[in-house]
Amino acid sequence: MPETTPEDRPEVTLKREGPIAWLTFDRPERLNALSMRMLDELAEHLAALEDSDARVVVIRGAGKAFSAGYDVSSDSEEVGDAHTRSSVADRDRQAAYIDRFTRIWRCTKPVIAQVHGYCMAGATQLALFCDITIVAEDTQIAASPAIPLGGGFISPLWSFQVGPQRAKELSFVAGRRLDGRTAYEWGFANAAVPAADLEQHVRELALSIAKTPASILRMKKLAINRVQEMNGFLTVAGMGADTDALIHTTPDVAEMQELVKEIGLKKAIAHFRD
């Protein structure tokens, strides 16, 4: 049989364990960096699970990270193809990310984010659309990329969890990191547990949730989500696509994108920090 390449294998896998559906980002060679293909596969799994007897969904990452966030490598859509898009096309692309995240929000089953390793930028955005977030204590978490490639897309959503001043700190300082314990203390996560205990902690939580009938869970989630929507959560998410697309038109962002293409992401980050 021919060997399966990264391009051939799924970027999100599904494993069933009783009432739990485990959805795993499976792009470990890129630290599970978010791609549109990955988010489309996630949305497809969530849609298929709607008619299943799964009671709780867990989203997690394979390998060393939950997710390194949006793929901003030199050959990525985010950087490599940026110069080919109009501002409107760029805005539509950003809005497409929000549309995929909203599939988590609209999923009728509770969704838990099981976060370990690295949870950077866009990955935190995804976690904020989940119903519950459990992090390993040593997880490295950042609301913004390590170099300023955009803005106003991710951090405004953090303000719902941690307040506007902390959200601004995380936004203004590129790549500002929190560990899992601090993220819990600030309100980003429901709990921070030792990395070795993370999966079992999430499993026990999911099983305890699964004891409640599915129809009741569905209406409880809907009721609480409505409060967030009345407070503007989804509106802010949509506005972020507009703001980010506008910032992408600035010479400053174009310069950063060219730097990444010329010398690679790691060297570009080091150059920015120096």
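These numbers come from a predicted model, not from an experiment.
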Report task. Please write out which residues are connected to L217 in a hydrophobic cluster, directly or through intermediates, given that two of Ile, Leu, Val, Met, Phe, Trp, Tyr count as joined at side-chain heavy-atom separations below 4.5 angstrom. Result -> I20, W22, V56, V58, I112, I132, I134, V193, L198, V202, L205, L207, I209
To the nearest 0.5 angstrom, please state how far the [atom1] atom of [X] sits from the [atom2] atom of [Y].
X	Y	atom1	atom2	result
E255	E262	CD	CD	9.5 Å
R27	L34	CZ	CG	8.5 Å
R203	Q200	CZ	CD	5.0 Å
D131	K220	CG	NZ	13.0 Å
M38	R30	CE	CZ	10.5 Å
S171	F153	OG	CZ	13.0 Å

[X] vs [Y] side-chain heavy atoms within contact, under 4.5 Å:
X	Y	value
Q94	H248	yes
L149	I147	yes
V236	N231	no
N32	Y118	no
M120	P145	no
Y97	Q125	no
T124	L157	no
E199	H116	no

Query raised in the report: Any chance CZ of R218 has more than 12 other-residue heavy atoms, nucleotides or ligands included, within less than 6.0 Å?
Result: no
Requested in this report: Report the C-alpha separation of M256 and D252 in whole Å, then their side-chain angles, then the decisive distance to 0.1 Å, and conclude whether the side-chain contact (heavy atoms from CB on, under 4.5 Å) test is met.
Outcome: CA-CA 6 Å; M256 288 291 175; D252 296 316; 6.0 Å; no
Taking [X] first and then [Y], would you say they form a salt bridge - that is, a charged N and a carboxylate O separated by under 4.0 Å?
X	Y	answer
E29	R9	yes
R181	E185	no
E229	R226	no
R93	D90	yes

Which heavy-atom pair separates [X] from [Y] by the least distance, and what is that distance?
X	Y	value
I141	A183	CD1-CB, 3.5 Å
G122	F101	O-CZ, 4.0 Å
R176	S144	N-OG, 4.3 Å
A237	F129	CB-CZ, 3.9 Å

Given the rule that I, L, V, M, F, W and Y join up when any side-chain heavy atoms are under 4.5 Å apart, are [X] and [Y] in one cluster?
X	Y	value
L222	V57	no
L128	L170	yes
M239	I247	no

Query - Trace of the side-chain contact (heavy atoms from CB on, under 4.5 Å) decision for D179 with Q140 - result: CA-CA 5 Å; D179 62 21; Q140 293 295 298; 4.1 Å; yes
Between [X] (side chain only) and [Y] (backbone N and O only), is there a donor and an acceptor less than 3.5 Å apart?
X	Y	answer
H45	V12	yes
K64	L31	no
K15	T24	no

Requested in this report: Could you tell me how the ring of F233 sits relative to the ring of F160: parallel (under 30°), tilted (30 to 60°) or perpendicular (over 60°)?
Outcome: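 Taking F160 first and then F233, their aromatic rings stand perpendicular (interplane angle over 60°).
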Query raised in the report: Parallel, tilted or perpendicular for F188 and W158, by the 30°/60° rule?
Result: parallel
Query raised in the report: Passes side-chain contact (heavy atoms from CB on, under 4.5 Å), K168 versus S155? Steps please.
Result: CA-CA 7 Å; K168 288 174 183 177; S155 301; over 6 Å; no
Report task. Identify which one of V135, I59, T133 satisfies the side chain to side chain contact (heavy atoms under 4.5 Å, CB included) criterion when paired with F66. Result ->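 Per the side chain to side chain contact (heavy atoms under 4.5 Å, CB included) rule, the option paired with F66 is I59, out of V135, I59, T133.
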